[in-house]
Amino acid sequence: MVRPDSDRWLVRLRAASATPGVRLICFPYAGGSPDLIRAWADGLSAHVELLAVRLPGKGPRLAEGPYTEWEPLIADTYAALAPCLNEPHAFYGHSFGARLAYELAHVAGAEHGDLTRHLFVSGSRSPRHPQHRPYMHELTEDGFLDALRGMGGTPAEVLDDKVLMRLFLPTIRAEIRLAELWGDRHGKAVNVPVTALYGQDDPIDGREAMRDWKHFTERDCELLGTAGGHFFLETHRRPLLDVINARLEDPNGEPRHYS
C-alpha cells in the first residue's frame, strides 16, 4: 500500500482512475522537487498513478543534509520505495534523477523482477559516456551560479535571491557532484526496457551522450529526440507524456519491446 502524501520520501501526485494500473515513480533533476512533476497529472493516461521522490534538502526536508555518496542514497531511497514496488511500476528520471532511476532499476529488478515495466531516462549521459570537464561542482560559488543560470532550469528570481540560494545551493551542488562523478557501477545491464530521451538543443547531455544507453539494458532500448534544450520536460511536456503513455499502455501484460 502506498503511504500518504505526507510521507517524507514519496509524494503521491495522482491516483489511477482506471484498472489495471501502473505506478510511475519520478526522480527530479538536481535540486528539483516533486512540484516539477505535479503538472503531469492531467496529461497521463487514466491507469497511471503518479508519484515523485522527494530527497533531503527539498520542501519539508529542507533542513536535512543532502547525500554525498551514491551507496547510502540508493539504499535509503530503495528502502523508502520498497512498499510501492510490489505492483507494476515504472521509473522516470531526468538528468541526476535519471542516474538515480537507473540505479533503482538495478535493485528493483533483482527484488521484483518483471514488476518494473519500464525505465525512462531523459537528459542524462549513459553510464559509460565521459562527463564534461571541468566539473561544475568544483566551481566557485559565483562560477557555480553562473553555470546554473546558463543551464536555464532555475528561475532568475530564485538565482538572484541570496537568502534562497543560501538554502538551496548545498543540495544542488551535492546532487550535481553525484551526477558528475557517476559512471557504470555494475558491469552489467538492467533487465528492463529503456526509453532514452534527449532534447535536440541540449548542450549538456544530447544525442551523442545518450546513444550508448542501449548497452545498459538486456531488453530493447529506444533513443528519442524531442524539441527543446536540457529542460525539455518542462518546455515540451506534451510530447514526453505522449511517449510515456504509449509505453505504459499495457502495464499488466508482457512488457512491450521497442527498437
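Since the structure is predicted, the reported quantities are computational estimates derived from the model, not experimental observations. Quick note: numbers below take in every heavy atom, side chains included, and nothing from hydrogens, waters or symmetry partners.
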Inset, instruction - Run through Y102, Y198, F120 and flag the one making a ring pair (Phe, Tyr, Trp, His ring centres under 6.0 Å) with W213. - result: Y102
Legend entry - salt_bridge(E180, R177) N-O dist < 4.0 Å: no
Inset, instruction - Compare all side-chain heavy atoms of V194 with those of F216 and state whether any distance is below 4.5 angstrom. - result: no
Legend entry - ILVMFWY clustering at 4.5 Å (side-chain atoms), partners of L181: Y135
Legend entry - SB check K188 E218 (cutoff 4.0 Å): no
Legend entry - Distance-only donor-acceptor check, side chains D202 and H230, under 3.5 Å: yes
Legend entry - Considering all heavy atoms, the nearest P34-L13 contact: O-CD1, 3.8 Å
Inset, instruction - Verify side chain to side chain contact (heavy atoms under 4.5 Å, CB included) between L10 and R54, making sure each step is shown before the conclusion. - result: CA-CA 6 Å; L10 200 61; R54 178 167 52 213; over 6 Å; no
Legend entry - Pairwise distance CD1(I244) to CG(L50) - rounded to 0.5 angstrom: 9.0 Å
Legend entry - Charged N-O contact under 4.0 Å between E87 and R117: no
Legend entry - Short side-chain to backbone donor-acceptor contact, R238 and G43, under 3.5 Å: yes
Inset, instruction - Please check if atom CD in E141 has more than 12 non-hydrogen atoms from other residues, nucleotides or ligands closer than 6.0 Å. - result: no
Inset, instruction - Could you please spell out the steps behind the side chain to side chain contact (heavy atoms under 4.5 Å, CB included) verdict for L24 and H89? - result: CA-CA 6 Å; L24 177 62; H89 58 270; over 6 Å; no
Legend entry - N-O pairing of R128 and D212 below 4.0 Å: yes
Inset, instruction - Determine whether the side chains of W182 and E103 contain a donor N or O and an acceptor N or O closer than 3.5 Å. - result: yes
Legend entry - S126 OG to L223 CG distance, which is reported to the nearest 0.5 Å: 10.5 Å
Inset, instruction - For a side chain to side chain contact (heavy atoms under 4.5 Å, CB included) with F91, tell me which candidate from V121, L100, L85 qualifies. - result: L85
Inset, instruction - Provide the closest heavy-atom pair for E64 versus P56 in the form atom of the first, atom of the second, distance. - result: CB-CB, 3.8 Å
Legend entry - Atom pair OG1 (T217) and NE2 (H118), whose distance is rounded to the nearest 0.5 Å: 9.0 Å
Legend entry - Euclidean distance, R23 CZ relative to N86 CG, rounded to 0.5 Å: 6.0 Å
Legend entry - Under the ring pair (Phe, Tyr, Trp, His ring centres under 6.0 Å) test, residues paired with F231 that sit two or more places apart: Y29
Inset, instruction - Check the side chains of D205 and S124 for a donor-acceptor pair under 3.5 angstrom, ignoring hydrogens and angles. - result: no
Inset, instruction - Run the salt-bridge test on D114 and R219 with the 4.0 Å N-O cut-off and return the result as yes or no. - result: yes
Legend entry - Hphob cluster co-occupancy, L51 + L115, side-chain heavy atoms under 4.5 angstrom: no
Inset, instruction - Look up atom CZ in R207 and atom CG in L224, then write down how far apart they are to the nearest 0.5 Å. - result: 10.5 Å
Inset, instruction - Go through W40 and Y92 one step at a time and tell me if the ring pair (Phe, Tyr, Trp, His ring centres under 6.0 Å) criterion holds. - result: CA-CA 12 Å; W40 292 17; Y92 169 87; 5.0 Å; yes
Legend entry - R125 to P130 - nearest heavy-atom pair and separation: CD-O, 4.1 Å
Legend entry - T195 side chain near L197 side chain, heavy-atom distance below 4.5 Å: yes
Inset, instruction - Can you see which heavy atom on A30 is nearest to which on I172, and at what distance? - result: CB-O, 4.3 Å
Inset, instruction - For R173 and L139, indicate whether the former's side chain and the latter's backbone hold a donor-acceptor pair under 3.5 Å. - result: yes
Inset, instruction - Give a yes or no on whether the backbone of H47 and the side-chain of S45 come within a donor-acceptor separation of less than 3.5 Å. - result: no
Inset, instruction - Check ring pair (Phe, Tyr, Trp, His ring centres under 6.0 Å) between H186 and all other residues, then give those that pass, not counting sequence neighbours. - result: H106
Inset, instruction - Take K214 and E222 through the test side chain to side chain contact (heavy atoms under 4.5 Å, CB included) and record every step on the way to the result. - result: CA-CA 7 Å; K214 62 187 177 183; E222 59 180 347; over 6 Å; no
Legend entry - Salt-bridge criterion met for R14 and E49 (N-O under 4.0 Å): no
Legend entry - Euclidean distance, L241 CG relative to H236 NE2, rounded to 0.5 Å: 13.0 Å
Inset, instruction - Determine the minimum heavy-atom distance between P28 and C26, stating which atoms define it. - result: CD-O, 3.7 Å
Legend entry - Residue pair L62, K58: steps toward the side chain to side chain contact (heavy atoms under 4.5 Å, CB included) verdict: CA-CA 5 Å; L62 185 61; K58 293 100 180 273; over 6 Å; no
Legend entry - Check: L240 and T226 side chains under 4.5 Å, non-hydrogen atoms: no
Inset, instruction - Write down the atom of A108, the atom of T116, and the distance for their closest heavy-atom approach. - result: CB-OG1, 3.6 Å
Legend entry - Side-chain heavy atoms of L81 within contact of W9, under 4.5 Å: no
Inset, instruction - Quick one: list whatever passes ring pair (Phe, Tyr, Trp, His ring centres under 6.0 Å) with F232, sequence neighbours left out. - result: H94
Enumerate donor-acceptor pairs with a distance under 3.5 Å from any side-chain N or O in residues 147-158 to protein atoms, sequence neighbours excluded.
unit_1, atom_1, unit_2, atom_2, d
R149, NH1, D160, OD1, 3.3
R149, NH2, D160, OD1, 3.2

Inset, instruction - Could you list the residues that satisfy side-chain contact (heavy atoms from CB on, under 4.5 Å) with A179, not counting sequence neighbours? - result: F96, R99
